[in-house]
Chemist: 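Sharing a structure, written as C-alpha cells. Questions coming.
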Protein chains: 2
Amino acid sequence: MRPRLDDLADDCTVEAAMEVIGGKWKLVILRHLLDGTKRFGELDRALPGITPRMLTRQLRELEADRLVLRTVYPQVPPKVEYSVTEIGQSLRTLVDQLEQWGHFYRRSLT
Amino acid sequence: MRPRLDDLADDCTVEAAMEVIGGKWKLVILRHLLDGTKRFGELDRALPGITPRMLTRQLRELEADRLVLRTVYPQVPPKVEYSVTEIGQSLRTLVDQLEQWGHFYRRSLT
DNA sequence: CAGGATCCCCGGGGATACTG
DNA sequence: CAGTATCCCCGGGGATCCTG
C-alpha cells in the first residue's frame with residue numbers, strides 16, 4: 001500500500017510547525033508571554049539559565065515568525081516590551097496540551 | 001512580580017516533552033506508525049529523504065523513550081516491525097493538533 | 001532485509017566581555 | 001536597560017559504503 005500524497009504535505013506541515021516552535025527556549029518564552037506582556041529583563045530573570053544573547057536570538061526568531069510582537073519605547077533608559085501576537089495566542093492550547101502530555105509522560109515511566 | 005515556582009517545573013515539563021518529540025523525523029515517523037504497524041523498509045520508503053542510518057537512530061530513540069515498540073522476527077531474511085506503544089498512542093491528539101496549527105499558521109502568513 | 005561503520009559538516013547553543 | 005560582539009564547542013544530522 002503506497003502512502004497517500006497527502007501524507008507528504010501533512011508531514012511537511014508538522015515539520016514546518018516544529019521549526020517555528022522547536023527552538024530550545026521558544027515555548028518556554030511563549031509560556032511566559034502568554035501570561036502577559038513582559039520586558040526583556042523580566043524574561044531574563046524568569047528564565048534561569050538563559051543568556052541575554054540567547055534570549056535576544058530566540059525572541060527575534062519568534063518575532064520574525066510573527067508569534068511575538070516587539071515594542072520599543074524610544075526613551076532613556078531603553079524600554080522594550082514583548083507580547084504574543086494573535087498567531088502566538090493560537091498556540092496556547094497546544095502549549096498547554098504539550099505540558100499536559102509531559103506530565104502524563106513522566107508518570108508513565110515505570 | 002516574581003515568577004511562581006511552579007513555572008520552573010512546568011517549563012521543564014515542556015522542555016522534556018520537546019526533547020522526546022523534538023528529533024527531526026520523530027513526529028513524522030510517529031504519524032506513520034499511528035496509521036498502523038510498519039516494517040523498516042516501509043518506513044524508509046514512506047519517508048522520502050531519510051537515510052537508513054537516520055531512520056534507525058530515530059527509531060531507537062523513540063524506542064528508548066517508550067513511544068515505539070520494536071519487534072524482531074528471528075528469521076531469514078530478517079523482519080522487524082515497528083508499532084506505537086500506549087504512550088505513543090497518547091501523542092495522537094497532540095500530533096493532530098500540531099498539524100492543524102501548522103495549517104492555520106501557513107494560512108496566517110500575510 | 002535491516003541495519004552497522006565511518007567520516008564529515010554545519011549551526012544551534014553556550015560563555016564571556018563590552019556598549020549606546 | 002537591553003542588548004552586541006567574539007569565540008568556541010558539541011552533537012544532530014547527512015553521505016557513502018559495507019554486512020549477517
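Scope of the values below: all heavy atoms of this structure, side chains included, with no hydrogens, waters or symmetry mates. In the text below, chain A, chain B and the rest are named by the order of the sequence lines, each starting its count at 1.
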Chemist: Counting only heavy atoms not in A/Arg106, do more than 12 fall under 6.0 Å of its CZ?
Modeler: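 Open: at most 12 neighbouring heavy atoms sit under 6.0 Å from CZ of A/Arg106.
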Chemist: Check every strand shown and say whether A/Tyr82 touches a base, only sugar-phosphate, or nothing at a heavy-atom separation below 4.0 Å.
Modeler: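 Here A/Tyr82 touches the backbone only, sparing every base.
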Chemist: Shortest non-hydrogen contact from A/Glu15 to B/Val28?
Modeler: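 The answer is CG-CG2, 3.7 Å.
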Chemist: Please give, in whole Å, the distance from C/dC1 P to B/Gln75 CD?
Modeler: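 Between P of C/dC1 and CD of B/Gln75: 13 Å.
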Chemist: For the residue pair A/Ile87 and B/Trp101, what are the closest heavy atoms and their distance?
Modeler: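 Looking at all heavy atoms of both residues, the closest pair is O-NE1, 4.1 Å.
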Chemist: Does anything in residues 57-69 of chain A reach DNA chain C, meaning a heavy atom under 4.0 Å, and if so which residues?
Modeler: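 Contacts with DNA chain C under 4.0 Å: A/Gln58.
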Chemist: Distance-only check: which donor-acceptor pairs under 3.5 Å involve side-chain atoms of residues 48-61 of chain B, not counting sequence neighbours?
Modeler:
unit_1, atom_1, unit_2, atom_2, d
B/Thr51, OG1, B/Met54, N, 3.3
B/Thr56, OG1, B/Pro52, O, 2.9
B/Glu61, OE1, B/Lys26, NZ, 3.0

Chemist: In degrees rounded to 10°, what angle is found between the helical axes fit to the five outermost pairs at each end of the helix from C/dC1-D/dG20 to C/dG20-D/dC1?
Modeler: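 About 60° separates the two local helix axes.
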Chemist: Rounding to a whole Å, what distance do you find between B/Lys38:NZ and C/dA2:C1'?
Modeler: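 Value for this atom pair: 17 Å.
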Chemist: Indicate the atoms forming the closest heavy-atom contact of A/Leu47 with A/Ile29, along with that distance.
Modeler: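 What the structure gives for the nearest pair is CD1-CG1, 3.7 Å.
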Chemist: Return the minimal non-hydrogen interatomic distance between A/Leu27 and B/Met18, and the atom names on each side.
Modeler: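 Residues A/Leu27 and B/Met18, closest heavy atoms: CD1-SD, 3.8 Å.
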Chemist: Which atoms form the tightest heavy-atom contact between A/Ser83 and A/Thr37, and what is the distance?
Modeler: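 Shortest heavy-atom contact: CB-OG1, 3.3 Å.
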Chemist: Step through the shown structure and confirm whether more than 12 heavy atoms of other residues, nucleotides or ligands are within 6.0 Å of CD on A/Gln75.
Modeler: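 Above 12, so yes.
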Chemist: Mind checking what makes side-chain contact (heavy atoms from CB on, under 4.5 Å) contact with B/Thr93, not counting sequence neighbours?
Modeler: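 B/Thr93 satisfies side-chain contact (heavy atoms from CB on, under 4.5 Å) with A/Gln97 only.
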Chemist: Could you give the start and end, 5' to 3', of the contact zone on DNA chain D for chain B, using atoms under 4.0 Å from its heavy atoms?
Modeler: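 Range of nucleotides touched by chain B: D/dG13 to D/dG20.
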Chemist: Should the pair B/Glu99-B/Arg31 be classified as a salt bridge under the 4.0 Å nitrogen-to-oxygen rule?
Modeler: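 Yes.
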Chemist: Starting at CD of B/Glu42 and ending at P of C/dA2, how long is that distance when rounded to a whole Å?
Modeler: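 After rounding, the gap between these two atoms is 8 Å.
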Chemist: Please enumerate all residues that pass side chain to side chain donor-acceptor pair (under 3.5 Å) together with A/Gln100, with sequence neighbours excluded.
Modeler: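 So A/Gln100 forms no side chain to side chain donor-acceptor pair (under 3.5 Å) with any residue.
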Chemist: Considering heavy-atom distances to DNA chain C, does A/Pro78 or B/Phe40 have its closest nucleotide positioned more toward the 5' end?
Modeler: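 Counting from the 5' end, the first nearest nucleotide belongs to B/Phe40.
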Chemist: Side chain of B/Arg53, base of C/dG3: donor and acceptor closer than 3.5 Å?
Modeler: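 No.
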